[in-house]
Amino acid sequence: MTDREMRKALRAVVTKAVNRADPVYLLEMGAPDDEYEPEILSRIDGLADAWPDQQKVLQLCEDVFIHWFGPQAPSRRRLKRLAAELVRGLNALARSAGTR
C-alpha cells in the first residue's frame with residue numbers, strides 16, 4: 001500500500017469512527033456527514049503517537065474535541081466509544097497493510 005493509499009484508508013477509518021460516535025451530537029442534529037472534517041484532519045497525525053494505546057487515543061480525542069468545541073461539548077461516553085472504535089479500525093487497517 002502506498003503512502004497515499006494508506007493516508008486515504010486511515011482517513012476513512014477515522015471518518016467512519018467519528019461519524020458513528022458523533023461526540024458532540026452534530027450529526028444527530030442534522031449536520032452534514034462532513035461536519036467533523038476539521039477535527040478528523042487534526043486528529044490523523046496524532047494517531048501515530050497514540051495508537052495502539054486506547055487511553056492515549058482517548059486523550060487525543062478529548063484534546064481535539066475540547067479544543068474545537070469547549071470542555072462541556074463532547075460526550076465522555078461517546079469519546080470512549082470513539083477511541084475504542086479507532087483502535088479497532090486502526091488494528092484492522094494495520095493487519096490488512098501488513099504492519100504491526
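When reading the values below, keep in mind they use all heavy atoms of this one structure, side chains included, and skip hydrogens, waters and symmetry mates.
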- Task: May I ask you to test the Arg7-Asp3 pair for a side-chain heavy-atom distance under 4.5 Å?
- Result: no

- Note on the structure: Smallest heavy-atom separation, Leu82 atom then Cys61 atom, equals CD2-SG, 3.7 Å

- How long is the gap from CG on Leu26 to CG on Asn19, to the nearest 0.5 Å? 10.0 Å

- Task: Sorted by first residue and then second, give each salt bridge (Lys or Arg N to Asp or Glu O under 4.0 Å) pair with at least one member in residues 49-58; sequence neighbours left out.
- Result: none

- Message: So which atom in Ala21 and which in Arg81 form the shortest heavy-atom distance, rounded to 0.1 Å?
- Response: O-NH2, 3.3 Å

- Task: Check Pro52 against Asn91 and note the closest heavy-atom contact, atom names and distance.
- Result: CB-OD1, 4.3 Å

- Message: Assigning hydrophobic clusters by single linkage (Ile, Leu, Val, Met, Phe, Trp, Tyr; side-chain heavy-atom cutoff under 4.5 Å), is Ile44 placed with Leu90?
- Response: yes

- Query: Are Leu41 and Leu10 in one and the same hydrophobic cluster, where Ile, Leu, Val, Met, Phe, Trp and Tyr link if side-chain heavy atoms are under 4.5 Å apart?
  - Reply: no

- Nearest heavy-atom approach of Tyr36 to Tyr25 is OH-N, 3.6 Å

- Query: Does Ile66 share a hydrophobic cluster with Val18, counting links as ILVMFWY side-chain heavy atoms below 4.5 Å and allowing steps through other members?
  - Reply: no

- Message: Using the salt bridge (charged side-chain N to carboxylate O under 4.0 Å, His left out) criterion, which residues pair with Arg20? Sequence neighbours excluded.
- Response: Glu85

- Message: What's the separation between atom CD1 in Ile40 and atom CD in Glu35, rounded to the nearest 0.5 Å?
- Response: 10.5 Å

- Quick one: are Trp51 and Leu86 in side-chain contact, heavy atoms under 4.5 Å? no

- Evaluate whether atom CD of Glu5 has more than 12 neighbouring non-hydrogen atoms of other residues, nucleotides or ligands under 6.0 angstrom away. yes

- Message: Can you give me the closest heavy-atom contact between Gln54 and Ala84, atom names plus distance?
- Response: NE2-CB, 3.3 Å

- Item | Nearest non-hydrogen partners of Pro32 and Leu27, listed with the distance | O-CD2, 3.1 Å

- Query: Given the rule that I, L, V, M, F, W and Y join up when any side-chain heavy atoms are under 4.5 Å apart, are Met6 and Leu47 in one cluster?
  - Reply: yes

- Message: Are Val24 and Trp68 packed together at the side-chain level, in the sense that at least one heavy-atom pair is separated by less than 4.5 angstrom?
- Response: no

